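This structure is a prediction, so every number in the text was calculated from the model and none was measured. Only this structure's heavy atoms are used, side chains among them; waters, hydrogens and symmetry mates stay out.
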Amino acid sequence: METMSGLQGALGGVLIGLSSTLLMGLLGRIAGISGMLSGLIFDRGGDRPWRLAFLLGLVSGPAVLMLTGSGLGNTAAGTGVVGLPVAGPLLMLAGGLLVGLGTGLGSGCTSGHGVCGLARLSPRSMAATLVFVLVAMLTVFVSRHMLGGSV
């Protein structure tokens, strides 16, 4: 891994930790992205403004990188596209639905359990994060070695 990439990753980690800490310290909320999005869509009380602000902030970083053409971040080989899709729309839709189902069944996502829950030493979050990682590893193994894919 090149040095610049490592520094970008470290800076990203610091910013994720800082935003999670500020959200917990200032509003008493966990920075779980699936819960934020769900609360925004299904209108859970008067907390829509902070949910919208956080989620807009989450997507504005890559948007600024793309618009400025800075070449930083997760852009695919000079295309300016963040996270260039490696599958067709139907497979991406199916994957999104499965991830949504999983976050509902797991009562949260990797940001809520993996970042915030582990930081609070939550046994439930430790178990959830372990399951997330193991299923991800199994998915990559099956798709690469049993189905012959490149994912």
Side-chain angles (χ1 to χ4, degrees), residues 1-44 47 50-63 65-66 72-77 79-151:
M1 173 171 56
E2 67 181 64
T3 304
M4 188 61 174
S5 177
L7 292 174
Q8 290 172 352
L11 178 61
V14 167
L15 291 174
I16 289 169
L18 180 62
S19 65
S20 298
T21 301
L22 286 172
L23 189 62
M24 175 59 87
L26 297 174
L27 297 179
R29 300 301 215 162
I30 297 290
I33 306 306
S34 62
M36 281 184 205
L37 185 58
S38 171
L40 187 64
I41 292 171
F42 298 110
D43 191 22
R44 296 197 183 132
D47 57 359
W50 73 262
R51 290 175 190 270
L52 183 61
F54 195 97
L55 293 170
L56 286 175
L58 188 67
V59 298
S60 66
L65 290 176
M66 283 174 43
L72 298 174
N74 183 26
T75 57
T79 63
V81 177
V82 175
L84 188 65
V86 295
L90 289 177
L91 189 58
M92 289 177 23
L93 179 63
L97 290 172
L98 288 172
V99 167
L101 178 65
T103 59
L105 292 173
S107 299
C109 58
T110 52
S111 55
H113 285 301
V115 174
C116 301
L118 291 181
R120 295 181 303 117
L121 301 177
S122 164
R124 185 169 150 253
S125 289
M126 287 181 197
T129 303
L130 182 62
V131 169
F132 296 156
V133 171
L134 291 175
V135 169
M137 290 168 60
L138 180 63
T139 302
V140 170
F141 178 81
V142 168
S143 67
R144 285 192 179 171
H145 301 289
M146 297 174 82
L147 300 177
S150 62
V151 178

| query | Could you walk me through whether Leu121 and Met126 pass the side-chain contact (heavy atoms from CB on, under 4.5 Å) check? | reply | CA-CA 7 Å; Leu121 301 177; Met126 287 181 197; 4.0 Å; yes
| message | Between Leu22 and Leu27, does the side-chain contact (heavy atoms from CB on, under 4.5 Å) criterion hold? Intermediate values first, please. | response | CA-CA 8 Å; Leu22 286 172; Leu27 297 179; over 6 Å; no
| request: Determine, step by step, whether Met24 and Ile30 satisfy the side-chain contact (heavy atoms from CB on, under 4.5 Å) criterion, reporting the C-alpha distance in whole Å, the side-chain angles of both residues, the deciding distance to 0.1 Å, and the verdict. | output: CA-CA 6 Å; Met24 175 59 87; Ile30 297 290; 3.1 Å; yes
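Summarising the geometry, atom CG belonging to Leu58 is positioned 5.0 Å from atom CD1 belonging to Ile33; distances are rounded to the nearest 0.5 Å. Separating the CZ atom in Phe132 from the OG atom in Ser125 is a distance of 8.5 Å, to the nearest 0.5 Å. Distance check: Trp50 CH2 to Leu40 CG gives 9.5 Å after rounding to the nearest 0.5 Å. Once rounded to the nearest 0.5 Å, the distance linking OG1 of Thr21 with CG of Leu26 reads 10.0 Å. One finds the CD1 atom of Ile16 at 10.0 Å from the CG atom of Leu11 (value rounded to the nearest 0.5 Å).
Inter-residue side-chain proximity for Met36 and Arg29 is flagged as unmet; no heavy-atom pair is nearer than 4.5 Å.
Checking each of Arg144, Met137, His145 against Phe141 for a side chain to side chain contact (heavy atoms under 4.5 Å, CB included) leaves exactly one that passes, namely His145.
Judged by distance alone, the side chain of Ser38 and the main-chain N or O of Ser34 form no donor-acceptor pair under 3.5 Å.
Annotation for Val115 and Ser20: closest pair CG1-OG, 3.7 Å, computed over non-hydrogen atoms. Taking each heavy atom of Arg51 and Gly35 in turn, the nearest pair found is NH1-O, 2.8 Å.
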